[in-house]
Amino acid sequence: MDTGKHQLEQLFAQLGLDNDVTAIKVFLARHWLEPEQALADAPFWSAAQADFLRQALACDAEWAEAVDELAVLLSQK
């Protein structure tokens, strides 16, 4: 069973973003990470969103896998 999309949708909701499939595709098309840029350091996050992303990775929280997936997707430009 592929749970990746479901987790990504939940992550977007947790970040306060629209989380339907179309909204996620639009977000990914409009945003990207610069080479070697950490996900939480991207300029398109609010301070609260960036803090959440940092904590999710630092604590290896339940969100870590989805956060990693988002970083990969935003690095594929």
Could you state the interatomic distance from CD (Glu69) to CG (Leu74), rounded to the nearest 0.5 Å? 10.5 Å
Common cluster, Leu70/Phe44, ILVMFWY with side-chain heavy-atom separation under 4.5 Å: yes
Keeping the roles fixed (side chain from Trp45, backbone from Leu39), state whether a donor-acceptor pair exists under 3.5 Å. yes
Charged N to carboxylate O below 4.0 Å: is that the case for Asp41 and Arg54? yes
Passes side chain to side chain contact (heavy atoms under 4.5 Å, CB included), Asn19 versus Gln14? Steps please. CA-CA 9 Å; Asn19 67 332; Gln14 184 69 21; over 6 Å; no
Side-chain heavy atoms under 4.5 angstrom apart, residues restricted to Ile, Leu, Val, Met, Phe, Trp, Tyr: same cluster for Phe27 and Trp32? no
Does Asp51 have more than 12 heavy atoms from other residues, nucleotides or ligands lying within 6.0 Å of its CG? yes
If you compare all heavy atoms of Ser75 against all heavy atoms of Leu33, which two are closest, and at what distance to 0.1 Å? OG-CD1, 3.6 Å
pair Glu34-Pro43: side-chain heavy atoms closer than 4.5 Å: no
Where is the tightest heavy-atom contact between Ala56 and Ala64, given as atom of each residue plus distance? O-CB, 3.7 Å
Identify the heavy atoms of Ala50 and Ala40 that sit nearest to each other, and give their distance. CB-O, 3.4 Å
State yes or no: do Leu57 and Leu17 share one hydrophobic cluster built from I, L, V, M, F, W and Y residues joined by side-chain heavy-atom distances below 4.5 Å, directly or via other members? yes
Might you confirm whether atom CD of Gln76 has over 12 heavy atoms from other residues, nucleotides or ligands at distances under 6.0 Å? yes
Do Phe12 and Val26 share a hydrophobic cluster, counting only Ile, Leu, Val, Met, Phe, Trp and Tyr and linking them when any side-chain heavy atoms are less than 4.5 Å apart? no
Is there a side chain to side chain contact (heavy atoms under 4.5 Å, CB included) between Leu73 and Leu8? Walk through the geometry before answering. CA-CA 11 Å; Leu73 291 169; Leu8 199 56; 3.6 Å; yes
